[in-house]
2 protein chains.
Amino acid sequence: MTMPVAKVEFWYEFASTYSYLSAMRIEAAAKAAGVEVLWKPFLLGPIFFAQGWTTSPFNIYPAKGRYMVREMERLTAARGLPFKMPTPFPQNSLLAARIAIIAHEEGWGIPFSKCVYAAEFGEGASISDADSLGGILRDLGQDPARVIALTGQAETKERLKQRNEEAQELGIFGAPSFLAGSELFWGDDRLEQALSFAKQG
Amino acid sequence: MTMPVAKVEFWYEFASTYSYLSAMRIEAAAKAAGVEVLWKPFLLGPIFFAQGWTTSPFNIYPAKGRYMVREMERLTAARGLPFKMPTPFPQNSLLAARIAIIAHEEGWGIPFSKCVYAAEFGEGASISDADSLGGILRDLGQDPARVIALTGQAETKERLKQRNEEAQELGIFGAPSFLAGSELFWGDDRLEQALSFAKQG
């Protein structure tokens, strides 16, 4: 007889600064808590668009955007993480998300995702096109031509679309979000609560 | 020779659910940290209006609103606080804010503010008019007729207006917000960081 394993779904968007924070610490935090993590890359763009936003709320509401950058400076400094905002912000995350869908199926989704975040928010690099993502793929021992070709297939596109629809059905409206059972937790600062809830539930 | 006292400004809006959480714990948290708190009631309405919102973002974005209510249920349960949403939400907080401006000058601003939050989010009661606020004033030993008359004076209105302008100049875009020196912290979950920053700064 085996005990059911406590699980948390980690819903993340590559263009999201706060998702960077969680991607860099969720493995260690979940291991310490004895919780399994399912990584769920998705796109916030369609969700924002459905509520009338055509760019990041951090651009639409400048005071919020300035605050976010200052807070990211504080939090990354406290955690010993590098931080540099990419230009433009937000980066177009469509291709990275399609690659992540493939990568998680093939077993290299976590290092890929962390490398994308490290480039984008650690170095301020572009992560929006095949050129910039190609370097990351090569570093991970993947053939960029093979992977980029897979992102163009209808099946990959459809799976990301379904993922985004699932996000919307779950009531997800921001990233990172954590799902423990049917309980939703929003924000890097809610990771501990989500892990704790997963253990109790 | 005396040491300068570490200070945090607590910017709160009576219509804000998360401000309720902070109002109920900031005295104890600040005392434990050795930090002095300056209570700054203000109105989010003009700030929201300036960015095109005519009601709470929790109403404009229903997924966010549903999440907020669920999270408030979780957080209040964990902290042993009662919780009931008032109808309508948000409550019109103009009169309560004007009273709070007077109350803080006269030395009863903290108990008044906590009583307003306890009624509004602990019992789901209205806090929008002179009738509902009159009961709170009486409980605090204040003469409702005297206080309500003061809220109608041009000077009181002007001071709240100036307070709101100050909030906007400080880059405040939500409540609760905490100001430690020139560092802004947004959200009840940032109270500890703000207190810690105030001590170091």
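A note on names: the letters A, B, ... follow the listed sequences, proteins ahead of strands, and every chain is numbered from 1.
A:L75 touches chain B through its side chain: at least one heavy atom from C-beta onward sits under 4.5 Å away, while N, CA, C and O do not. Neither the backbone nor the side chain of A:Q168 comes within less than 4.5 Å of any heavy atom in chain B. Only the side chain of A:E71 comes within contact range of chain B, judged by heavy atoms closer than 4.5 Å.
A salt bridge between B:E192 and B:R25 is present, with a side-chain N of the basic residue lying under 4.0 Å from a carboxylate O of the acidic one. A salt bridge does not link B:K84 to B:E120: none of the charged nitrogens lies less than 4.0 Å from a carboxylate oxygen. With respect to A:R163 and A:E158, no salt bridge is recorded, no charged nitrogen being found less than 4.0 Å from a carboxylate O. In summary, B:K31 and B:E36 do not engage in a salt bridge, as defined by a charged side-chain N under 4.0 Å from a carboxylate O.
At a heavy-atom cut-off of under 4.5 Å, chain B is reached by A:Y61, A:A63, A:K64, A:Y67 from residues 57-68 of chain A, listed in order of number.
Top candidate by heavy-atom pairs under 4.5 Å with chain A, chosen from B:Q193, B:R70, B:R190, is B:R190.
A:Y117 and A:F121 have parallel rings, their planes meeting at less than 30° on a 0 to 90° scale where 60° marks the start of perpendicular.
Checked against a 6.0 Å centroid threshold, the rings of A:F14 and A:Y12 count as neighbours.
With a 6.0 Å cutoff to the six-membered ring centre and a 45° limit on the axis angle, A:R74 does not count as a cation-pi contact of A:F83.
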**Asked** What's the verdict on side-chain hydrogen bond (donor to acceptor under 3.5 Å, both in side chains) for A:Q142 and A:R146, showing C-alpha distance, side-chain angles and the deciding distance?
**Response** CA-CA 8 Å; A:Q142 297 296 326; A:R146 179 189 74 88; 2.9 Å; yes
